[in-house]
Amino acid sequence: MKEIIIDGKRLEFDEKEDLTILAAAEMVGVKIPTLCHCKTLQVKGNCRVCMVELCGQGKLVPACSTAAEDGMRVEAFSLPVLRHRRTMIELILANHNRNCPSCSSNKDCQLQQIADELNII
């Protein structure tokens, strides 16, 4: 068995199982925001909103494409992660429809929800 800890929550998984950090986080109830799967946005697989911090390594990695490895400790909401996430959302919004608050998807939009959680809009 392998073990990963995400925001203090421990997950054991079979060593043959291929999990991303994002999938492992979902399994322990940690909701890492991502826009890669949002059907209404043009952002596909490179939004970098799901970046997380690998403890002890001092670097951020994308949770959607980084394999969960045995012994990994992950912080999904550390200060460096939140700063990065905020910057990425601000950059996406800079090239986004300026009528975002009044569009037909208002209040049912992943981008808006993440921006709201980060106190951007």
Side-chain angles (χ1 to χ4, degrees):
M1 293 295 282
K2 293 181 182 178
E3 177 183 271
I4 185 172
I5 299 172
I6 304 171
D7 286 352
K9 296 182 180 185
R10 185 179 316 270
L11 174 69
E12 288 187 358
F13 59 101
D14 190 287
E15 50 188 62
K16 296 176 184 172
E17 195 171 356
D18 291 326
L19 281 180
T20 62
I21 293 172
L22 184 63
E26 289 172 359
M27 293 171 77
V28 296
V30 175
K31 184 181 180 284
I32 297 172
T34 180
L35 295 173
C36 297
H37 304 100
C38 183
K39 292 177 175 44
T40 60
L41 297 174
Q42 299 300 328
V43 180
K44 299 294 178 208
N46 62 355
C47 71
R48 296 303 189 237
V49 173
C50 70
M51 298 294 270
V52 295
E53 184 175 3
L54 296 182
C55 297
Q57 295 186 23
K59 67 178 183 177
L60 303 182
V61 297
C64 70
S65 62
T66 302
E69 296 179 10
D70 189 36
M72 208 177 243
R73 286 183 36 242
V74 177
E75 291 292 327
F77 297 93
S78 67
L79 189 55
V81 167
L82 292 175
R83 285 181 181 151
H84 172 84
R85 201 168 283 155
R86 183 179 177 87
T87 298
M88 296 312 299
I89 294 297
E90 287 172 344
L91 289 170
I92 291 168
L93 285 171
N95 292 313
H96 191 63
N97 182 344
R98 301 259 185 237
N99 295 323
C100 189
S102 62
C103 90
S104 61
S105 294
N106 192 26
K107 303 299 181 204
D108 191 31
C109 169
Q110 286 177 287
L111 178 59
Q112 257 187 0
Q113 290 168 1
I114 295 168
D116 188 47
E117 288 169 9
L118 295 169
N119 296 315
I120 296 172
I121 58 173

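Values reported hereafter were calculated over all heavy atoms of this structure, with side chains retained and with hydrogens, waters and symmetry mates removed. All residue numbers in this chain count up from 1 along the given sequence.
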**Q.** Flag, side chain of His84 to backbone of Arg48, donor-acceptor distance under 3.5 Å
**A.**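 Confirmed, His84 side chain pairs with Arg48 backbone.
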Q) Is there a donor-acceptor pair closer than 3.5 Å between any side-chain N or O of Arg85 and the backbone N or O of Val49? A) yes
When hydrophobic residues are tied together by side-chain contacts of less than 4.5 Å, even through go-betweens, does [X] share a cluster with [Y]?
X: Leu82; Y: Val30; result: yes
X: Met88; Y: Ile32; result: yes
X: Leu22; Y: Leu19; result: yes
X: Leu91; Y: Val81; result: no

When rounded to the nearest 0.5 angstrom, what distance separates [atom1] in [X] from [atom2] in [Y]?
X: Thr34; Y: Glu26; atom1: OG1; atom2: CD; result: 9.0 Å
X: Asp14; Y: Met1; atom1: CG; atom2: CE; result: 6.0 Å
X: Leu11; Y: Ile21; atom1: CG; atom2: CD1; result: 12.0 Å
X: Lys31; Y: Asp7; atom1: NZ; atom2: CG; result: 13.5 Å
X: Ile4; Y: Lys9; atom1: CD1; atom2: NZ; result: 13.5 Å
X: Arg83; Y: Leu79; atom1: CZ; atom2: CG; result: 3.5 Å

Q.
Are more than 12 heavy atoms, taken from residues, nucleotides or ligands other than Arg86, located less than 6.0 Å from that residue's CZ atom?
A. yes
Identify every side-chain donor-acceptor pair in residues 50-68 under 3.5 Å, counting partners at least two apart or on other chains, and give the distances.
unit_1: Glu53; atom_1: OE1; unit_2: Ser78; atom_2: OG; d: 2.6
unit_1: Thr66; atom_1: OG1; unit_2: Pro62; atom_2: O; d: 2.7

Q) Do Lys2 and Glu69 sit within salt-bridge range, that is, some charged N less than 4.0 Å from a carboxylate O? A) no
Q. Any idea which heavy atoms bring Ile6 and Ala25 closest together, and the distance?
A.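 Here Ile6 and Ala25 meet closest at CD1-N, 3.4 Å.
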